[in-house]
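The residues of the chain are indexed from 1 along the displayed sequence. Side-chain atoms are counted along with the backbone in the values below, which use heavy atoms only and exclude waters and symmetry mates.
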Amino acid sequence: MTLSANQMFSKINKIKVTVDKSHLFTLGEKMYRESIEFVRELVNNGYDAEATEVFVLIDGEKIIVSDNGSGMNAKGLEQFFTIGSEEKKANGLSPRFGRKRIGQFGIGKFSALALADEFIVESVKGKYKYLVVFNRALWKSDQSWDLPITKEPASPLGKEGTKIILNKFF
């Protein structure tokens, strides 16, 4: 007769499965450290968001990737920062243009932090502008996995889309 785990032990405790934050940076460094491929990842995000235009500015101080895609609200930004999300598999075609979505694992954005200490996402969706500042040093030193997000009314002249700014290269 075979006993189940519940029958063998009178009390079942649980342990938490976790991943150390440093592994996100290690993955990014291993995947993209020696190349500009991480910029392609950011451009692909604009394509997946149905942008018709994506602009890339690279200078000694910063890299900016901006698009005129559908933009993201708080829920969209939470999805954006989810690693290994099934969203693009579940919704493999974009709703407006029927594009096959490119992104898969959600690690590309963290690869940018292999080169820069700060990753800023500004996104306009509807009547609001959302801002997330991902500061590498602050996030690594904090036990929380949360990122600060702000929401404010968008400019009446503002168009939907997303801008990603990489600052503080090392």
Heavy-atom pair with the smallest gap, counting every atom of [X] and [Y]:
X	Y	answer
Gly98	Leu93	O-CD2, 3.6 Å
Val133	Leu147	O-CD2, 4.5 Å
Asn135	Leu138	OD1-N, 2.9 Å

Are any non-hydrogen side-chain atoms of [X] and [Y] less than 4.5 angstrom apart?
X	Y	answer
Val43	Val65	yes
Leu131	Val121	no
Pro153	Lys127	no
Leu77	Ile149	yes
Lys159	Val124	no
Val132	Ile120	no
Thr150	Tyr130	no
Glu122	Lys129	yes

key: Any donor-acceptor N or O pair under 3.5 Å, side chains Glu50, Ser70   =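 Distance-only check fails for Glu50 and Ser70.
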Test item: side-chain donor near acceptor, Thr52 and Asn68, under 3.5 Å =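 Thr52 vs Asn68: donor-acceptor pair found between side chains.
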message = Once rounded to the nearest 0.5 Å, what's the spacing between atom CG of Asp48 and atom NZ of Lys100?
response =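 Answer for the CG-NZ pair, Asp48 versus Lys100, is 11.0 Å.
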[X] (side chain) donor-acceptor with [Y] (main chain) under 3.5 angstrom:
X	Y	result
Asp67	Glu53	no
Ser123	Met72	yes
Glu118	Arg136	no

task = Would you verify whether the NZ or CZ of Arg99 falls within 45 degrees of the ring axis of Tyr47 while also being under 6.0 Å from that six-membered ring's centre?
result =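 Yes, Arg99 and Tyr47 form such a contact.
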ask   = Think Lys151 forms a cation-pi with Tyr128, using NZ or CZ under 6.0 Å from the six-ring centre and within 45 degrees of its axis?
value =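 Yes - Lys151 lies over the ring of Tyr128, closer than 6.0 Å to its centre and within 45° of its axis.
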query = Do the ring planes of Phe80 and Phe119 sit parallel (below 30°), tilted (30 to 60°) or perpendicular (above 60°)?
reply =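 Answer is parallel, since the angle falls under 30°.
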query = Would you say Ile165 and Leu57 are hydrophobically clustered, going by side-chain heavy atoms of ILVMFWY under 4.5 Å?
reply =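 Yes; tracing contacts between hydrophobic side chains, which count when under 4.5 Å, links both residues.
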ask   = Side-chain heavy atoms under 4.5 angstrom apart, residues restricted to Ile, Leu, Val, Met, Phe, Trp, Tyr: same cluster for Ile58 and Leu166?
value =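 Yes, it is one cluster - the side chains of Ile58 and Leu166 are joined through contacts under 4.5 Å.
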message = Heavy-atom count check: over 12 atoms from other residues, nucleotides or ligands less than 6.0 Å from Glu152 CD?
response =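 More than 12 heavy atoms, drawn from other residues, nucleotides or ligands, come within 6.0 Å of this atom.
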